[in-house]
Amino acid sequence: MKRLFPDYTYGPGPRQNCWWDQTISAPDWPTHKGDLNVDVAIVGGGFTGLSAALHLAEAGVKVAVLEAGTPGWGASGRNGGFCCLGGSKLSHAALVRGFGVEAAQSYEQAEEDAVQLVADLLEQHQIDADTHSKGETQLAHSARAMEKLRRNAEASGVLHDSDDLQRLGLGGSFHGAYTNPVGFALNPRKYLFGLASAAKARGVQIFQKSPVETIRKTQAGFDIESGSGHIRATNVLICTNGYSSEDMPPWLSGRYMPTQSTVLVTRPLTSAELQAQGWTSEQMCYDTRNLLHYFRLMPDRRFLFGMRGGLQSSPRAEAAIRRTMRRDFQAMFPEWKDVDVTHMWSGMVCLSRKLTPYVGPVPDQPGMFAAFAYHGNGVAMGTYCGGALAREVLDRQTELPAPIAQPPGRFPLGFWRRALMPPAYAAMAIADRLSL
């Protein structure tokens, strides 16, 4: 594999002490060995890959999922568990400028459909994923940010003045908020394992610790080498997102940008501690900063707090971003500055140059499709794009909005494109300070 970050990034270090691992045991999935013939081979066992597998299996397709680690080892098993609108970094105005009014509206409907798809799958397959929160609330970190929320508020949501927040159980130094009614929070590992169980029950073969080493196009489809075995498949789906490799397939090189997100979880908070901070709501929230923070009180009274911003990956860099996150947590929730943080971990989200997801064919590789770049909102959008991949294979009408169907261009600097991120993050940090 040819990956952008050091080997440390793809090893156990950033993932150690992930809270979700304590909430449900992983099944003992087999490792692929020997020869196997399938209709579809899926590379990557996260939300996208398992959603695609389940949708295909329900249509009677023979599917194998090949995961280099264990299913959910990447972002799908270590994210913040926000099932919400998102998937793009473009505003409505930017979508309209880039794709037109109709395409922008179609894309925004797809974001709502993605959230509903997760809700439907949870209900259909009786997956208990500790769901909570009625929509998602964005909290203004400054008076200027609140004025922007007022200007952009949609009639479907609710604006909250700063005086309302304490009554709503959202205590802190915020200047107001806006609640979008679409979305909910969940335990991502329980959701993912529920998808895996449903897919397996329908005949999907799921393999762990089976990294794909080569994919070769043949007249009949594809020959895939997993290191310990060989797979023949008519179709291949690439579902590796921020943990992709530059040569798997070569077309992917330069078209995705992994970037780090870090999460902490506290011990369970007492009623007195919750009252002291004035935070008693289970609403999932994020702030208006460009380098945003996201947080929620979970049903077991632990508090989850995450942030964007890590640009390097090494034991030293990991320690530094964790210190920064702990500092930000204490600043935003000062009554909890002495509360024990029991779990902390990092993972990679994924951006595209066009700042929208992609689902579609890999050029010059008939029968190969890819989906990636959910911009930190992979619970809903990854699930949705997995379903779209299944429709591509089944040659059904995908009806994908143009912002998703349009292939992304390559970032400048090729393999060294990570150098673009420090100045971009510096500009966003300056903008956050200027907005105070």
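In this structure, a donor-acceptor pair under 3.5 Å is absent between the side chains of K354 and S352. Defined by atom type and a distance below 3.5 Å, a donor-acceptor pair is present between the side-chain atoms of T262 and Q260. A donor and an acceptor atom, one from each side chain of S261 and R308, are located under 3.5 Å apart. Side chains of Q138 and Y294: a donor-acceptor N/O pair is absent below 3.5 angstrom, by distance only.
Evaluation of the ring-ring contact (aromatic ring centres under 6.0 Å, His included) rule for H160 yields no partner, not counting sequence neighbours. By the ring-ring contact (aromatic ring centres under 6.0 Å, His included) test, Y286 pairs with no residue at all, sequence neighbours left out. Partners of F184 under the ring-ring contact (aromatic ring centres under 6.0 Å, His included) rule, at least two apart in sequence or in another chain, do not exist in this structure. Residues passing the ring-ring contact (aromatic ring centres under 6.0 Å, His included) test with Y384: none are found, sequence neighbours excluded.
Residues D364 and W251 have side chains not in contact (no heavy-atom distance under 4.5 Å, counting atoms from C-beta outward). The shortest side-chain heavy-atom distance between T383 and Y191 falls under the 4.5 Å cut-off. For the pair C285 and L170, the minimum side-chain heavy-atom distance is below 4.5 Å. Counting only heavy atoms from C-beta outward, the side chains of V43 and T240 approach each other to under 4.5 Å. The side-chain heavy atoms of F305 and M344, taken from C-beta on, include no pair separated by under 4.5 Å. In this structure, the side chains of N377 and E111 stay at 4.5 Å or more apart for every pair of heavy atoms. By the 4.5 Å heavy-atom criterion applied to side chains, L159 and M146 are counted as neighbours. For the pair V182/E136, no side-chain contact is recorded, criterion being any heavy-atom separation below 4.5 Å from C-beta on.
Ring centroids of Y10 and W73 are separated by 6.0 Å or more, keeping the two rings apart. Taking the six-membered ring wherever Trp is involved, the centroid distance between the rings of F295 and F329 does not fall below 6.0 Å.
In D7, the CG atom is not crowded: 12 or fewer heavy atoms of neighbouring residues, nucleotides or ligands sit closer than 6.0 Å. Q124 CD: more than 12 foreign heavy atoms inside a 6.0 Å radius. Within 6.0 Å of NZ on K209 lie no more than 12 heavy atoms contributed by other residues, nucleotides or ligands.
Between atom NE2 of residue H55 and atom CG of residue L394 there is a gap of 10.5 Å, rounded to the nearest 0.5 Å. We find the CZ-OG distance between F333 and S173 to be 8.5 Å, quoted to the nearest 0.5 Å. In this structure, the separation between CD on E112 and SG on C84 is 12.0 Å, given to the nearest 0.5 Å. A distance of 11.0 Å separates CD in E213 from OG in S245, rounded to the nearest 0.5 Å. How far OG of S253 is from NZ of K2: 6.0 Å, rounded to the nearest 0.5 Å. Atom CG of L252 and atom CD of E246 lie 7.0 Å apart (nearest 0.5 Å).
The ring pair (Phe, Tyr, Trp, His ring centres under 6.0 Å) analysis of residues 85-119, with sequence neighbours excluded, yields no pairs. Screening residues 359-382 for ring pair (Phe, Tyr, Trp, His ring centres under 6.0 Å), with sequence neighbours left out, gives Y358-F372.
A salt bridge links R15 and D21; the closest N-O separation between the charged side-chain nitrogens and carboxylate oxygens is under 4.0 Å. Using a 4.0 Å cut-off between charged side-chain N and carboxylate O, E147 and R144 make no salt bridge. Remark: R167 does not engage D161 in a salt bridge, criterion side-chain N to carboxylate O under 4.0 Å. Residues R322 and E318 are paired through a salt bridge, judged by an N-O separation under 4.0 Å between the basic side chain and the carboxylate.
The backbone N or O of F5 sits nowhere less than 3.5 Å from a side-chain atom of S313 that would complete a donor-acceptor pair. Looking only at distances, no side-chain donor or acceptor of W19 sits under 3.5 Å from a matching main-chain atom of W345. At least one donor-acceptor pair closer than 3.5 Å links the side chain of D432 to the backbone N or O of N290. At distances below 3.5 Å, not a single donor-acceptor pair connects side-chain atoms of R202 with backbone N or O atoms of A199. Judged purely by atom type and a 3.5 angstrom limit, D247 has no side-chain atom pairing as donor or acceptor with the backbone of P249. Checked by atom type and distance alone, the side chain of N180 never pairs as donor or acceptor with a backbone atom of G135 at under 3.5 Å. Under the 3.5 Å distance criterion, the side-chain polar atoms of R296 are matched with a main-chain donor or acceptor of G80. Here the side chain of D39 pairs no donor or acceptor atom with the backbone of N235 at under 3.5 angstrom. No donor-acceptor pair closer than 3.5 Å links the side chain of Q208 to the backbone N or O of T70.
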Query raised in the report: Going through the checks in order, is the side chain to side chain contact (heavy atoms under 4.5 Å, CB included) test met by T280 and L297?
Result: CA-CA 8 Å; T280 56; L297 180 65; 5.5 Å; no
Query raised in the report: Could you walk me through whether T234 and V393 pass the side chain to side chain contact (heavy atoms under 4.5 Å, CB included) check?
Result: CA-CA 10 Å; T234 306; V393 170; over 6 Å; no
Query raised in the report: After noting the C-alpha distance and the side-chain angles of H293 and D328, does the key distance pass the side chain to side chain contact (heavy atoms under 4.5 Å, CB included) rule?
Result: CA-CA 9 Å; H293 303 91; D328 286 8; 2.8 Å; yes
**Report entry** L54/L121 under side chain to side chain contact (heavy atoms under 4.5 Å, CB included): CA gap, chis, key distance, verdict
**Finding:** CA-CA 10 Å; L54 176 57; L121 289 169; 4.0 Å; yes
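Closest heavy-atom contact between S162 and H175: CB-C, 3.8 Å. Shortest non-hydrogen contact noted between Y243 and G74 is CE1-CA, 3.9 Å. The heavy-atom pair separating N241 from A373 by the smallest distance is OD1-N, 2.8 Å. Nearest heavy atom pair, residue C83 against residue V379, reads CB-CG1, 3.8 Å. When all heavy atoms of T48 and C385 are compared, the closest pair comes out as CG2-C, 4.4 Å. Closest of all the heavy-atom pairs between G409 and R353 is O-CB, 3.8 Å.
Seen from the ring of F411, R418 does not count as a face-on cation partner, given the 6.0 Å and 45° thresholds.
When each of R301, K134, R302 is paired with E282, the salt bridge (charged side-chain N to carboxylate O under 4.0 Å, His left out) condition holds for R301 and for no other.
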